[in-house]
Amino acid sequence: MKSVALLIATYNWPEALNLVLQSALKQTKLPNEILIADDGSKEETKNLIEKFQLVSSIPIRHFWQEDKGFRKAKILNKAIAASQSDYIIQVDGDCILHPKLVADHCNAAQKGIYLYGSRVNILPDSVATVLKKEQLEFNLFSKEIKNKTRTLNLPFLAQFYQPHSGISKKFRGCNVSFWRDDIIAVNGYNEDFEGWGREDSDVVIRMSNNGVKAKRLRYAGVVFHIHHKINAKDNFESNDQKQKETIFNKTIRIVNGIDQYLK
């Protein structure tokens, strides 16, 4: 690949985003650009991003939209449309990156495949300490986490996971990578999804309907999720129904998507 973008979705949690950006700039392989898809955060987040822009050796681009409820699909589309990178690694703004996250995704990237990595959960009782200490690294013996074996970075074992069709129950939208051309081919995220849930799984299901296979990154591609209260699920049933329609109709390309932002 010629270039890779790290895409970070965020909303009003600058303390967490601070750690995510610190971990992004300490990658063993740096991305060519960092895209921050901001679904309406307040001034504190903007100020934080500007501080990182001053010290970063790579471009950090901030895409912001007015806070009108959960509209993650829209701001992700805007950021992806503005990127010229061949490959996109997407994480959430509450997920600290393993130092080899970018390298792992890039090393495993193959044409016609999207990747989904592992998520290690930071325990609720440890969140305040992790944020205060600005802790970026965890291992098999870290008391702050559960799912401890997921911290292991073992490329030899990772290579045994093979591509598959469809979507896995292990898929998490907070740790996924794909070719930019593949997501544009299905017209990106469906902006009819508003409110929490299903916008991320819907887009990879449509990529799968278009012939793109999935591959799990196990023993590689790790993020550490900072526990928080679950977002309101007021619109979840509607979003879930849209995804069921995508599956039933074998939908590939949706109408309300990324093409409105492409030049």
Side-chain angles (χ1 to χ4, degrees), residues 1-10 16-38 48-49 52-53 55-63 76 79-80 82-120 122 134-139 145 150-159 161 163 170-183 200 203-204 207 212 214-226:
M1 67 187 67
K2 294 180 181 178
S3 56
V4 58
L6 177 65
L7 173 58
I8 305 170
T10 192
L17 183 61
N18 172 43
L19 301 192
V20 178
L21 286 171
Q22 285 191 50
S23 66
L25 295 181
K26 292 184 177 180
Q27 292 293 295
T28 58
K29 174 182 174 61
L30 288 172
N32 297 92
E33 60 178 347
I34 295 174
L35 314 171
I36 302 178
D38 184 350
L48 173 74
I49 293 168
F52 277 94
Q53 287 172 329
V55 300
S56 175
S57 62
I58 57 175
I60 299 177
R61 305 170 67 188
H62 183 197
F63 301 87
L76 287 172
I80 294 168
S83 171
Q84 296 301 312
S85 294
D86 304 288
Y87 200 69
I88 309 287
I89 301 170
Q90 182 180 314
V91 299
D92 280 351
D94 55 11
C95 290
I96 299 167
L97 315 183
H98 185 284
K100 293 183 178 179
L101 178 96
V102 171
D104 286 343
H105 275 275
C106 289
N107 290 339
Q110 302 175 58
K111 285 291 187 180
I113 291 174
Y114 76 84
L115 305 171
Y116 57 100
S118 299
R119 183 180 73 178
V120 178
I122 297 173
E134 299 191 0
Q135 182 175 346
L136 301 180
E137 296 188 9
F138 306 87
N139 57 51
I145 60 173
R150 293 183 189 172
T151 64
L152 296 172
N153 190 277
L154 302 170
F156 174 74
L157 292 179
Q159 67 180 334
Y161 283 80
K170 300 290 185 181
F171 171 82
R172 296 290 182 272
C174 65
N175 185 359
V176 60
S177 65
F178 44 80
W179 296 93
R180 183 173 180 268
D181 286 347
D182 285 342
I183 195 167
D200 46 10
V203 76
V204 298
M207 283 197 284
V212 177
K215 183 178 179 181
R216 184 183 181 192
L217 284 183
R218 183 74 166 95
Y219 303 113
V222 178
V223 299
F224 301 94
H225 178 250
I226 306 171

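Just so you know, these numbers come straight off a predicted model, no measurement behind them.
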Item to check | Cys95 vs Ile226, side-chain contact (heavy atoms from CB on, under 4.5 Å): CA-CA, chis, key distance, verdict | outcome: CA-CA 6 Å; Cys95 290; Ile226 306 171; over 6 Å; no

Checklist entry - Would you say Glu33's side chain and Ala5's backbone share a donor-acceptor pair under 3.5 angstrom? => result no

Item to check | Contact summary for Leu25 and Ser56, nearest pair of heavy atoms | outcome: CD2-OG, 3.5 Å

Next on the checklist: Nearest 0.5 Å, please: how far is CZ in Phe138 from CD1 in Ile145?
Outcome noted: 7.0 Å

Item to check | Distance-only donor-acceptor check, side chains Gln84 and Ser3, under 3.5 Å | outcome: no

Item to check | Among Ile96, Asp92, Val91, the one residue meeting side chain to side chain contact (heavy atoms under 4.5 Å, CB included) with Asp94 | outcome: Asp92

Checklist entry - Is the backbone N or O of Ala220 less than 3.5 Å from a side-chain atom of Asn153, with the two atoms forming a donor-acceptor pair by type? => result no

Next on the checklist: Could you check whether any side-chain heavy atom of Val223 comes within less than 4.5 Å of a side-chain heavy atom of Ser118, counting everything from C-beta outward?
Outcome noted: no

Checklist entry - Between the side chain of Arg216 and the main-chain N/O of Lys170, is any donor-acceptor distance below 3.5 Å? => result no

Checklist entry - Going by distance alone, is a donor N or O of one side chain under 3.5 Å from an acceptor N or O of the other, for Gln90 and Ser177? => result no

Checklist entry - Below 4.5 Å, heavy atoms only, C-beta onward: do Leu6 and Asn32 meet side chain to side chain? => result no

Checklist entry - Would a distance-only check, ignoring hydrogens and angles, find a side-chain to backbone donor-acceptor pair under 3.5 Å from Arg150 to Val222? => result no

Item to check | Minimum-distance pair of heavy atoms, taken over all atoms of Gln27 and Pro99 | outcome: OE1-O, 3.1 Å

Checklist entry - Does Asn107 reach the main-chain N or O of Ala103 with its side chain, forming a donor-acceptor pair under 3.5 Å? => result yes

Item to check | Greater than 12 external heavy atoms within 6.0 Å of Gln22's CD | outcome: yes

Checklist entry - How are the rings of Tyr114 and Phe171 set relative to one another: parallel (under 30°), tilted (30 to 60°) or perpendicular (over 60°)? => result perpendicular

Checklist entry - Is Ser85 reaching over with its side chain to a backbone N or O of Tyr87, donor-acceptor style, under 3.5 angstrom? => result no

Next on the checklist: The test is side-chain contact (heavy atoms from CB on, under 4.5 Å); show your working for Asp200 and Val176 and say whether it passes.
Outcome noted: CA-CA 9 Å; Asp200 46 10; Val176 60; over 6 Å; no

Checklist entry - Residues in salt bridge (charged side-chain N to carboxylate O under 4.0 Å, His left out) with Asp38, at least two apart? => result none

Checklist entry - Is the backbone N or O of Leu19 less than 3.5 Å from a side-chain atom of Ser23, with the two atoms forming a donor-acceptor pair by type? => result yes

Item to check | Any side-chain donor near an acceptor of the partner, His105 and Asn175, under 3.5 Å | outcome: yes

Item to check | Residues Ile89, Val102; criterion side-chain contact (heavy atoms from CB on, under 4.5 Å); working and verdict | outcome: CA-CA 7 Å; Ile89 301 170; Val102 171; 4.0 Å; yes

Checklist entry - Atom CZ in Phe63, atom CG in Leu35: separation rounded to 0.5 Å? => result 5.5 Å

Checklist entry - Would you say the side chain of Lys26 lies within less than 4.5 Å of the side chain of Leu136, judging by non-hydrogen atoms? => result yes

